[in-house]
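Below: the structure, in structure tokens.
Residues take their numbers from the sequence shown, with the count starting at 1. When reading the values below, keep in mind they use all heavy atoms of this one structure, side chains included, and skip hydrogens, waters and symmetry mates.
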Amino acid sequence: MENMACALVGQHKLKQAESVLREALASRRLVLGPGHPATVRITSRLANILERRGKHGEARAVRKGRQHRVDNSWEIGNETRLERVAC
């Protein structure tokens, strides 16, 4: 699903990409848990899409929630790298 969202971003279909990422995020949270690196990565991608769509407040809320859920085993360096994840 992430690849599909990235393809949609490449086609400038941000609304559809947002929808796909939200669905993927819900699945990842359910199956892997909120602190799993794959869940954190998709959360960062969703926040990036929200920023690009002008939904700055919602993007901040998504990022803030992500920071609280990151597994303690992840170092700050990895967190920074994940923040820059983009499609």
Side-chain angles (χ1 to χ4, degrees):
M1 291 184 91
E2 273 184 88
N3 291 337
M4 180 190 307
C6 289
L8 289 167
V9 169
Q11 298 170 10
H12 305 286
K13 297 179 179 179
L14 299 180
K15 184 176 181 178
Q16 293 92 334
E18 178 187 340
S19 178
V20 169
L21 285 174
R22 286 185 185 279
E23 184 178 339
L25 180 58
S27 296
R28 295 267 171 93
R29 281 183 180 155
L30 182 66
V31 174
L32 302 175
H36 191 278
T39 306
V40 173
R41 183 184 64 240
I42 204 165
T43 302
S44 292
R45 285 190 167 152
L46 176 59
N48 291 338
I49 296 298
L50 292 168
E51 283 286 342
R52 290 178 69 175
R53 293 199 61 213
K55 298 180 174 184
H56 305 292
E58 193 172 348
R60 265 190 308 276
V62 167
R63 283 192 174 102
K64 184 177 180 181
R66 179 188 56 82
Q67 289 173 342
H68 292 297
R69 290 187 300 264
V70 172
D71 185 12
N72 290 334
S73 66
W74 281 79
E75 299 173 5
I76 293 297
N78 289 332
E79 171 111 6
T80 302
R81 182 180 56 80
L82 288 170
E83 187 67 35
R84 288 188 230 129
V85 169
C87 291

Point-to-point distance, once rounded to the nearest 0.5 Å, from [atom1] of [X] to [atom2] of [Y]:
X: K13; Y: S19; atom1: NZ; atom2: OG; answer: 13.0 Å
X: S44; Y: I49; atom1: OG; atom2: CD1; answer: 11.5 Å
X: N48; Y: T43; atom1: CG; atom2: OG1; answer: 11.0 Å
X: R52; Y: H12; atom1: CZ; atom2: NE2; answer: 7.5 Å
X: R22; Y: E18; atom1: CZ; atom2: CD; answer: 4.5 Å
X: L25; Y: M1; atom1: CG; atom2: CE; answer: 10.5 Å

On a heavy-atom basis, which atom in [X] and which in [Y] lie closest, and how many Å separate them?
X: E51; Y: A59; value: OE2-CB, 3.4 Å
X: T39; Y: G33; value: OG1-O, 2.9 Å
X: A17; Y: A5; value: CB-O, 3.6 Å
X: V40; Y: G35; value: CG2-O, 4.0 Å
X: L32; Y: A38; value: CD1-CB, 3.9 Å

Q: Walk me through it: do R53 and E58 pass the test salt bridge (Lys or Arg N to Asp or Glu O under 4.0 Å)?
A: CA-CA 10 Å; R53 293 199 61 213; E58 193 172 348; over 6 Å; no
With the 4.5 Å side-chain cut-off for hydrophobic clustering, are [X] and [Y] part of the same group?
X: V9; Y: L50; answer: yes
X: V20; Y: L14; answer: no
X: I42; Y: V62; answer: yes

Q. Side chains of E2 and R28: closer than 4.5 Å at any heavy-atom pair?
A.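 Of all side-chain heavy-atom pairs linking R28 with E2, at least one is under 4.5 Å.
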Q. Taking C-beta and beyond as the side chain, do Q11 and Q16 meet within less than 4.5 Å on heavy atoms?
A.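 They are not in side-chain contact.
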